[in-house]
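First up is the structure itself, then whatever we jot down about it.
Numbers restart at 1 for each chain; the letters A, B, ... are given by sequence-line order, proteins then strands. These numbers come from a predicted model, not from an experiment.
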Amino acid sequence: MLENLNEEQLEAIKTTEGPLLVLAGAGSGKTRVLTTRVAYLVSEMGIDPSNILAITFTNKAAKEMKDRIYKMLGSLAYDIQISTFHSFGLSILKEHYKELGYDKNFTILDSDDSLTVVKKIMKDMDLDPKKFNYKMIRNRISSAKNELMSPKDLERFIGNDIDQLVVDVYRKYQDKLEINNSLDFDDLLMLPITLFRKYPDILARYQERFKYVLIDEYQDTNEAQYILTKLISSKYKNICVVGDNDQSIYSFRGSNYQNILNFEKDYKNAKVIMLERNYRSTKQILDVANTIIKNNKLRKDKNLWTDIEDGDKVIYHRSLNEKDEAFYVKEKIEELRKTSPLSEIAVLYRTNAQSRNMEEALLQANIPYKVVGSIYFYKRKEIKDLLAYLSVVYNNRDDINLLRVINVPKRGIGTKTIENLEVQARISGKSIYEVIDSGKELEFKRIIEDIKEKQENMSLTELVDYILERTGIREELTSDDTIENEVRLENLEEFKSITKTFEEERGIVSLEEFLDELSLVADATEYQNNTDVVTLMTVHSAKGLEFDNVFVIGMEEGIFPHQNSLMESSDVEEERRLCYVAITRARKKLWLINCKTRTLYGMDSANPVSRFIKEIDDDLLIKENIQDERKVITKANMIDKNAEYNIGDKVSHDTFGVGVVVSIDKSIVTIAFPHPIGIKMLMKGHKSIKKI
DNA sequence: GCCTAAGTGCTTTTT
DNA sequence: GCACTTAGGC
């Protein structure tokens, strides 16, 4: 078990008592240290497996850790609690929902559902939707929760009308969730803390149970996660946190990498171990990563090194456009697959939207791939509808899901009826299901009741089938023979194969178990078992993974670093850390790719080369296709029909600033906007363009 | 109540 | 470019 470990790794494993901070650079064997440490605690120190709590951020990391520990400990591993923060929170709430005023069958809303609730509340408040951004309000509520602030706590910080509005909506939002017996993602972290603060005896039991606590990716913890771990480990203080401040990439979710830098202050006698030797990447790749990350000002310097000297140089390729970019990657993959399994190839990008062209290219070339984190499966209407039915069957009081399907398929329940139901529910403080007592909606209620009754003697897959039958969804989709309906049916069949896999792996699965897991794992690829395929994913999802061959596409200003990060230097630094994460995923070969022009938001644009590429020393790269920079002009339709345009005219745009008309061809006017957008073209009828 | 066409706004990253 | 909303006719 302890073979082939270096001195620092061994020390991290054997320091079992007291607080321990492991600063682990990329590829330094962090996961190995964590898993071996757990195994060591059990097999060498004789610690009861059920006294150990290991927390990760992603389901994937948790699964990986479980598998590895299982290999070392066998079935003893089952008693170790290894989970993500959110699933750990959920497990606490499953035991103590009563103390918090919830019923056993509470449901968990995904972030779209939360947004729907916020929208609804704001509409009820008669707020002009154009004036207030729902998403912004939802995000503010979410941040407040992650900072452990109730509406009342937040009140003290009101400085303007918007703040006041956030507090008002937050209060109503929380009331709504409680009436609906439902929780959002943030509640999974916040409520356990509320519980522990209110009931010290319950906390004491958890402290007693989890005498040994391990936290992975500690640099990504937010306030709620930080407090939660602190509470649980505050009695025995056997807390081991592992992380790398250079890989902190979740500040948008409230994570604070100061948590890792402050660890020594929090725990006075903390031991600190640095893992600086990289076992993953070649020197050529590591050099590129190091030259980029050293541009961050707010950073603790460290020296990540490797002795893998003989590698290939990193390639920087510049394509014509995004199609060409995808084509290039496809060509390279076809070469690679002669010598490497497809599972050792990853294509990484900054935003999910970038997967599309890549998918098309791979599809055309018959190269199997998977898109990780692609939630599009669960976002599809038919799947969401089915899930909504399952949720309502499980928790009748879940208004959000009920309203989604009360008229699906069409049953003649329209806006008026629904409005009435909502009003009734609001005055009586009940859920919609509870106030239904007549009309077509009673018919709906009967369907749900019937499914609930039948459910008792059915497997999960049978239940899904019965819902499709009883609700009329299947009939609706088969009665009209269109391609769209065909696809929908296929997706529903695919869903059934997910439930089947579930049941094969775990035997009888309750609806509760299934819904819980789906709400925490919104990624269809987690349940696919095709292994030898190319992996497409965002850089964020790639964290913690490694591949022999890595392509990073879209290395352009405005994309990577992303447009929205360019205003704040601290945000650009986070983008740089993200870039560092991307590069350090590669073991052997790395390609950095961008293109001269691409279609973005429905417009053609020419983005400058990413600053991260420019930060790399020339002699570290092989450059391909680099020529005539910055003269690319693309065209599209245009604009304010009432105005006349001449070359050289100045125009202004709310987002892009002041631009100059560079060419006119019939109805197409091309406008150049300054850095960093590059040159943007605008479509016909775009009102935000004004001639000056 | 339902359907369609036209209009609008927005896309960062995730549990 | 797309998903989502809205208005207006049936």
Is A:His562 stacked on the base of B:dT12, with ring centres under 5.5 Å apart and planes under 30° apart? yes
Just call it for A:Ser541: base, sugar-phosphate, or nothing, with non-hydrogen atoms closer than 4.0 Å on any strand. sugar-phosphate
Touch check for A:Thr417, heavy atoms < 4.0 angstrom, all strands: base, sugar-phosphate only, or nothing? sugar-phosphate
From C-beta outward on A:Lys123, which listed nucleotide comes closest to its side chain: B:dT14, B:dT15, C:dT6? C:dT6
If only side-chain N and O atoms of A:Lys543 are considered, is one of them under 4.0 Å from the OP1 or OP2 phosphate oxygen of B:dT14? no
Is there side-chain contact between A:Glu217 and A:Val242, with at least one heavy-atom pair below 4.5 Å? no
Contact class for A:Thr415 vs. all strands (heavy atom < 4.0 Å): base, sugar-phosphate, or nothing? sugar-phosphate
Give a yes/no answer on whether the side chain of A:Asn352 brings an N or O atom under 4.0 Å of OP1 or OP2 in B:dT13. yes
Rounded to whole angstrom units, what separation is found between the CG atom of A:Leu188 and the C1' atom of B:dT14? 13 Å
Between B:dT14 and A:Thr538, is there an OP1 or OP2 to side-chain N/O distance shorter than 4.0 Å? yes
Which nucleotide sits closest to the side chain of A:Ala353: B:dT11, B:dT13, B:dC2? B:dT11
Indicate whether OP1 or OP2 belonging to B:dC2 is found under 4.0 Å from a side-chain N or O atom of A:Asn407. yes
Interatomic distance where CZ belongs to A:Arg138 and P belongs to B:dT11 [whole Å]: 9 Å
Starting at atom CD of A:Glu568, determine the distance to atom C1' of B:dT12, rounded to an integer number of angstrom. 15 Å
Between A:Thr56 and A:Asp216, a side-chain donor and acceptor under 3.5 Å: no
Any chance you could measure A:Leu421, atom CG, to A:Ile406, atom CD1, to the nearest 0.5 Å? 5.5 Å
Selection from B:dC10, B:dT15, B:dT14 that lies nearest to any side-chain heavy atom of A:His540: B:dT14
What is the distance, to the nearest angstrom, from the CG atom on A:Asn139 to the P atom on B:dC10? 13 Å
Do A:Asp112 and A:Arg138 sit within salt-bridge range, that is, some charged N less than 4.0 Å from a carboxylate O? no
Ring pair (Phe, Tyr, Trp, His ring centres under 6.0 Å) evaluation trace for A:His540 with A:Phe252: CA-CA 12 Å; A:His540 281 89; A:Phe252 69 91; 5.8 Å; yes
Given that A:Lys416 and A:Ser87 both sit by DNA chain B, which one's nearest nucleotide is further toward the 5' end? A:Lys416
A:Lys135 has an atom NZ; how far is it from atom P of C:dT5, in whole Å? 12 Å
May I ask you to evaluate whether A:Lys119 reaches the phosphate of C:dT5, defined as a side-chain N or O under 4.0 Å from OP1 or OP2? yes
Rounded to whole angstroms, how far apart are NZ on A:Lys63 and P on B:dT15? 15 Å
With A:Asp246, which of A:Arg576, A:Arg577, A:Arg299 fulfils side chain to side chain donor-acceptor pair (under 3.5 Å)? A:Arg299
Within the structure shown, what part of the strands sits under 4.0 Å from A:Lys440 by heavy-atom distance: base, sugar-phosphate, or nothing? nothing
Please classify the nucleic acid contact of A:Phe85 as base, sugar-phosphate, or nothing, using heavy-atom distances under 4.0 Å. nothing
Can you tell me how far C1' in C:dC4 sits from the matching atom in B:dT13, rounded to whole Å? 23 Å
Taking for each residue the nucleotide of DNA chain B bearing the nearest heavy atom, is the 5' side occupied by A:Ser565 or by A:Gly414? A:Gly414
Pick base, sugar-phosphate or nothing for A:Asp186, based on heavy-atom distances below 4.0 Å to the nucleic acid. nothing
Do the ring planes of A:Tyr102 and A:Phe106 sit parallel (below 30°), tilted (30 to 60°) or perpendicular (above 60°)? perpendicular
Expressed as a whole number of angstroms, how long is the span from A:Arg411:CZ to B:dG1:P? 15 Å
As a test of reading the structure: which of C:dC2, B:dT12, B:dG1 is closest to the side chain of A:Arg356, going by heavy atoms? C:dC2
Could you state the CD1-P distance from A:Ile406 to B:dC2, rounded to the nearest angstrom? 12 Å
Are the ring of A:Phe252 and the six-membered base ring of B:dT13 within the stacking cut-offs of under 5.5 Å and under 30°? yes
